[in-house]
Amino acid sequence: MENRIFDITRFPDRRHTNSVKWDTLAGKYGRDDLIPLWVADMDFPSPPCIREALEKAVDLGVFGYFSPPRSYQDAFLRWEQGHHHVSVDREWLRFTPGVVTGIYWSISSLTMPGDAVAILTPCYYPFMDAVKDTGRRLVCSDLIHTEAGYTVDLVDLEEKVRLEHVKMFLLCSPHNPVGHVWKEAELYGILSICEKYDVLVVSDEIHQDLVFPNNTHLSCLGQEQHPNRLIVLTSASKTFNIAGLQNSFAIIPDSDLRRRFDAYVKTLRIKKGVSLGYIAAEAGYTGGAVWLEEVLEYLQGNYDLLRDLLTEALPNIHIDPLEGTYMVWVDLSAYVAQEALEELVRDEAKLAVDFGFWFWPEELVPKHEAHIRINIATPRDNVCKAAGSLIAAIQKRQQK
Ligand SMILES: Cc1ncc(COP(=O)(O)O)c(C=O)c1O
């Protein structure tokens with residue numbers, strides 16, 4: 001216990017800190033008496049190595065213009081090699097103030113208005129916003145659920161890519177919201193379709209480090225098929241809980257794609273990140289690995305607890321094994337219809353979660369969809385309380 005780096009006895013009170021997750025509940029859900037389990041950040045302090053590096057920078061007290069340090073790039077390149085077994089060339093790196101920004105920039109620079117861009121639904125909703133906001137055409141292929149969990153429907157995907165003349169495919173790897181970590185055969189199938197139809201691939205790998213035992217994140221950078229058709233987006237933001245510091249990577253192996261991406265970004269005249277973000281990410285990549293292992297262990301404990309409590313009290317609930325991300329995709333369709341889901345979870349159980357139907361375009365939400373996405377990167381007490389409230393709310397409905 002004394003040797004732990006991740007201190008499971010110290011969880012700061014995030015209320016009144018301008019936290020989106022804790023302080024914008026009334027605006028988002030119409031009430032603020034909810035347990036916040038939505039936005040994908042952690043209620044845990046970042047590792048001490050990051051806090052110490054930031055303290056040193058703050059002590060210096062000067063926050064003038066800066067350039068992204070080479071040591072930051074080195075730390076990232078080492079991390080990619082050491083943790084994901086991929087060799088990234090320094091030349092391929094571009095800096096973005098967020099992964100979602102990187103998605104918008106990739107779409108804007110490499111496709112034309114009206115072009116079709118494909119995603120796998122249910123899908124992290126900013127992917128859909130990015131396609132629509134940039135005036136591109138959204139094409140959705142639904143994941144399928146099997147005994148083994150979620151997977152891609154390659155037949156459906158290929159048909160849509162072909163019929164809709166898709167120009168770009170946005171992959172979420174691991175996949176938010178279902179938490180699936182893509183296997184080699186799945187990636188091979190997806191990337192082969194993209195190769196066959198000359199589709200650019202943007203792979204959002206922001207959750208690459210949040211992967212649980214028996215699963216391995218396979219970066220698209222490590223797949224052989226088509227490095228000249230690929231952009232990988234990632235960041236230390238989920239790994240070390242530094243999303244507020246706005247600092248991410250676009251990795252673009254192909255020089256022509258880099259040239260087009262750069263030409264577009266130049267017109268935006270945007271600064272490439274935040275000085276404290278570079279300092280934090282470098283410190284995390286350099287000294288945060290053990291902290292991360294401990295956090296993953298704690299998250300696994302939270303998942304086990306949540307699953308055990310829910311499935312014991314509500315045997316018809318469905319929860320897949322935890323593969324990646326710290327979001328748990330819980331199927332409540334045996335207990336509640338889609339139309340009553342918000343009332344049950346928000347108003348009766350008092351939980352602020354992401355509702356399953358947020359992850360499709362409105363017109364494509366499946367009829368019986370009644371999932372919720374629970375963020376378990378929160379103190380264990382909170383998980384326990386949330387499970388208890390959900391169980392009580394459902395049982396109360398059953399007694400009526
Ligand atoms: C798949 C995915 N991509 C991107 C983001 C957000 O990234 P950023 O804050 O760097 O834009 C999230 C946050 O939840 C996410 O889940």
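One-based numbering, in listed order, for ligands and for the atoms of each. All of these numbers come straight from a predicted model, not from anything done at the bench.
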For this session: State which residues pass side chain to side chain contact (heavy atoms under 4.5 Å, CB included) with Arg260; sequence neighbours excluded, sorted by chain then number.
Result: Leu110, Asp256, Leu257
For this session: Could you tell me whether Lys160 and Asp156 make a salt bridge, using a distance below 4.0 angstrom between a side-chain N and a carboxylate O?
Result: yes
Exercise. Quick one: do Lys56 and Asp59 make a salt bridge, cutoff under 4.0 Å?
Worked result: no
Exercise. Does the pair Lys396/Glu348 count as a salt bridge with the N-to-O cut at 4.0 Å?
Worked result: no
Show me a pair-per-line table, with atom names and distances to 0.1 Å, of protein N or O atoms that are under 3.5 Å from an N or O of ligand 1.
residue, atom, partner, partner atom, Å
ligand 1, 3 (N), Asp204, OD2, 2.5
ligand 1, 10 (O), Val99, N, 2.7
ligand 1, 11 (O), Val99, N, 3.2
ligand 1, 11 (O), Val100, N, 2.9
ligand 1, 14 (O), Lys238, NZ, 2.9
ligand 1, 16 (O), Asn176, ND2, 2.8
ligand 1, 16 (O), His207, NE2, 2.8

Problem set entry | Charged N-O contact under 4.0 Å between Arg229 and Asp198 | yes
Exercise. Counting N and O atoms only, with roles assigned by atom type, does the side chain of Arg94 sit under 3.5 Å from a partner on the main chain of Glu91, one being a donor and the other an acceptor?
Worked result: yes
